[in-house]
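All remarks here apply to the structure that follows.
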Amino acid sequence: MGQRNEEPEVTTVKSKLVVVGDCGCGKTSMINRYVKGNFSETYTPTGFDTYTSTYHVSDTYKIHMSIWDTSGDAGYNRVRPLSYSDADLVIICFSVGDPESMANVVSKWIIEVREHCPKQPVILVGCKTDVRPDIPKQEEGSKIVNYDQGLKTAKHIGALVYSEISSKTSQRSVSDVIEVAALSSAGNKTSAESPSLRRQRSFIRRKRFSGIGEAKMHLRKEAAKSCVVM
Ligand SMILES: Nc1nc2c(ncn2[C@@H]2O[C@H](COP(=O)(O)OP(=O)(O)OP(=O)(O)O)[C@@H](O)[C@H]2O)c(=O)[nH]1
């Protein structure tokens, strides 16, 4: 009798991640580092851009991400909200070398995000950590955001995760945060109970792929020091 060669059923979950934050804080560089694996010193302001990438969580579970890159420019304040439609998770970025960009997380970004995405999880990302050692000690406090200040802001805005990255020097830090975002958003889907989505949800439950649980497991497995799940 011949052996049946059964392919395992592969579940693919779709997830939309929206990335916002001040101009020049490092959003596009983070996405480029994750999707294309490269980094450019050249600053090209973004209008809107969409990238796609598939995260292979396991042999039988994939997350197909669409990552929406937005402009931090005030000129886009009226059109940027269109990007939030159907978002599963929002990543708010600031630059650790620019305290004003972190202040704007509280005074501008979380307010805009909550207006359009009242329930979706938010991840706060401090970008450009490689600039920290370049800033002279006596200027600390005025020109740099330290880790504790970033973490405090993340708690203040009710973020699910606080993470710090350098798109310039650390592929790993960027992969960690995007993959935690993917896992958190995939386990968080609650809308549109189509039969296929019901199957996905039951699969997620069976495999204990709850968003936050999966994110924590991922963090432990990878021993990532750059992400903190709150
Ligand atoms: N040193 C350093 N520079 C970075 C890093 N990430 C981005 N940059 C630089 O910062 C500048 C702006 O980066 P972008 O990624 O384009 O910033 P953005 O947030 O997408 O900007 P907008 O499109 O205007 O909203 C570029 O010159 C990048 O090379 C980083 O991790 N370290």
Side-chain angles (χ1 to χ4, degrees), residues 17-31 33-34 67 70 72 87-114 117-185 187-188 210-230:
L17 311 178
V18 179
V19 184
V20 299
D22 274 12
C23 280
C25 73
K27 301 180 293 296
T28 305
S29 301
M30 173 182 76
I31 301 168
R33 172 60 93 175
Y34 185 75
I67 307 173
T70 63
D88 293 304
L89 182 143
V90 181
I91 299 176
I92 304 181
C93 294
F94 68 93
S95 164
V96 301
D98 176 8
E100 200 185 325
S101 70
M102 190 182 73
N104 287 337
V105 169
V106 176
S107 64
K108 171 175 179 172
W109 294 109
I110 192 64
I111 294 165
E112 180 177 298
V113 168
R114 283 304 173 222
C117 300
K119 299 241 166 79
Q120 285 84 337
V122 166
I123 288 182
L124 182 66
V125 179
C127 303
K128 309 193 191 182
T129 52
D130 60 284
V131 304
R132 272 190 183 136
D134 295 331
I135 292 171
K137 277 237 168 328
Q138 64 269 22
E139 292 184 40
E140 264 184 30
S142 59
K143 289 249 173 86
I144 198 165
V145 175
N146 67 36
Y147 181 84
D148 288 344
Q149 290 168 324
L151 187 62
K152 203 170 151 195
T153 301
K155 285 183 180 152
H156 180 68
I157 65 167
L160 180 68
V161 170
Y162 177 59
S163 180
E164 295 194 336
I165 61 162
S166 168
S167 303
K168 183 174 180 175
T169 61
S170 173
Q171 173 84 38
R172 165 80 173 275
S173 63
V174 172
S175 299
D176 278 345
V177 75
I178 299 288
E179 288 168 6
V180 165
L183 290 163
S184 304
S185 62
N188 209 54
S210 74
I212 188 69
E214 186 66 56
K216 281 180 174 164
M217 201 173 80
H218 175 83
L219 289 180
R220 250 179 261 126
K221 198 169 112 196
E222 299 290 324
K225 295 200 175 75
S226 54
C227 285
V228 171
V229 181
M230 281 170 282

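Position 1 is the first residue of the sequence; numbering continues from there. Nothing here was measured: the structure is a model prediction, and the numbers come from that model.
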### Message
Checking side-chain polar atoms at under 3.5 Å, does S166 have a donor or acceptor matched by the opposite partner on D130?
### Response
yes
### Message
We want to know whether Q171 and Y34 form a side-chain donor-acceptor pair, criterion being a heavy-atom distance below 3.5 angstrom.
### Response
no
### Query
Closest heavy-atom contact between K128 and S95?
CD-OG, 3.7 Å
Is the backbone of [Y] close enough, under 3.5 Å, to the side chain of [X] for a donor and an acceptor to pair up by distance?
X	Y	value
S185	D88	no
R33	K168	yes
T70	V19	yes
R114	W109	no
E164	C127	no
K27	D22	yes

### Task
Go through the steps to decide whether E100 and K143 satisfy the test salt bridge (Lys or Arg N to Asp or Glu O under 4.0 Å), and finish with yes or no.
CA-CA 9 Å; E100 200 185 325; K143 289 249 173 86; over 6 Å; no
### Task
Using a strict cut-off of less than 4.0 Å between a Lys/Arg side-chain nitrogen and an Asp/Glu carboxylate oxygen, indicate whether E179 and R172 qualify as a salt bridge.
no
### Qualifying residue, where the test is side chain to side chain contact (heavy atoms under 4.5 Å, CB included) with V122 and the options are L160, I157, V105
I157
